[in-house]
Structures are given as C-alpha cells and as structure tokens.
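Have a look at the structure below, then the notes.
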Amino acid sequence: MGRGKFKGKPTGRRHFSTPEEMLAGTSSRPRTFRQEEAEEVEEEIESESEEESGDESEKRKGTEGVMEISNPNIVKKKNLKARDVDLEKTTELSRREREEIEKQKSHERWMKMQEQGKTESAKKDLERLELIRQQRAEAAKKREEEKAAKESKKVEARK
C-alpha cells in the first residue's frame, strides 16, 4: 500500500506511555538525562537537610578541594533564611531609581505651582485668557448694540 510522498523512517517511530504506565513506573521509555539529574538534586537536598550544614562539607569546584585559596576579593554568598530577614531594613535605591523619583516629585511640584498660577507659563496663559475674555466681552457688547440699532430702524420704518 502506498504511503504518499514521505516514508516513515524506522528511527522516527514514537512510543507514548499511557498515564497508567507512568503512575505505575513501568514505562518502557528510557529516562532522560534531565530527569536523572533532577532526581540527583532531590537526593542531595534531602541528604543536606538531614546533615548539619558546614563550610567544609560543601562541594568545591575544580582545584578548590585540592588547594586552599585565600583571595580577599572572593565574596561568599550568604544564604538568608526567612526568619533572619529584616523587614524594617530599607534597601538603597539605584541612581536611576533615585533620579526617576526626583523627576516625578519635581513634576508634581511644577504641576501644583502651575495650578496656583505661580509659574511663568501659567502667568502668560492667564494673561492670554484675560485678553481673550475682554475681546469676547467687547464683541458681545458690539453685537448687542448692532442688534438694538437694527430693531430701532425697524421700529422707525413701521411708523
């Protein structure tokens, strides 16, 4: 029977284990490296929790186990436990964060001054607004006078 253009390779066949096989642990699928590594890590965690932790019992990388190194620049990472964390301690902000906060505060101050009309741009805006109000009032007064003049002409024309 023809299979079409592409033929399956014998190495490409997949075998999927059923959920029952996975739960029972009888899957014929070989374990992957990551799974084995994760199990080893879990075993190490369990063994470390049972033993008391000490500086000498730690695994050392490379030649550290063979030679004793006294480098004053090496920073040993400190593992803090949840009960040792100080919540009241304030963390210092980075330069960018400080500048951002200062920028926000100065903008808020400027907006407050703007609302009160104390900045130069606010004063100019208020002057322009006052000038526009005067012009509109004069235009309204002029329209009323013209309207009154028109009505008086109509009254005279009827007589």
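These numbers come from a predicted model, not from an experiment. Just so you know, these numbers use all the heavy atoms, side chains as well, and skip hydrogens, waters and symmetry mates.
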- From CA spacing to verdict: side chain to side chain contact (heavy atoms under 4.5 Å, CB included), E151, K147: CA-CA 6 Å; E151 286 180 19; K147 198 175 190 183; 4.1 Å; yes

How long is the span from the [atom1] atom in [X] to the [atom2] atom in [Y], to the nearest 0.5 Å?
| X | Y | atom1 | atom2 | answer |
| --- | --- | --- | --- | --- |
| E138 | Q134 | CD | CD | 6.5 Å |
| K103 | R96 | NZ | CZ | 13.0 Å |
| M113 | S106 | CE | OG | 12.5 Å |
| W110 | K118 | CH2 | NZ | 15.0 Å |

- Message: Counting only heavy atoms not in E120 (residues, nucleotides, ligands), do more than 12 fall under 6.0 Å from its CD?
- Response: no

- Looking only at heavy atoms, the pair that brings G117 and A122 closest together is CA-CB, 3.7 Å

Considering only heavy atoms from C-beta outward, does the side chain of [X] approach that of [Y] to under 4.5 Å?
| X | Y | result |
| --- | --- | --- |
| D125 | Q114 | yes |
| E146 | K150 | no |
| L126 | K123 | no |

- Task: Evaluate salt bridge (Lys or Arg N to Asp or Glu O under 4.0 Å) for R98 paired with E102, printing each intermediate quantity in order.
- Result: CA-CA 6 Å; R98 279 195 311 267; E102 289 174 12; 5.4 Å; no

- Query: Salt bridge check: are E108 and K112 linked by an N-O gap of less than 4.0 Å?
  - Reply: no

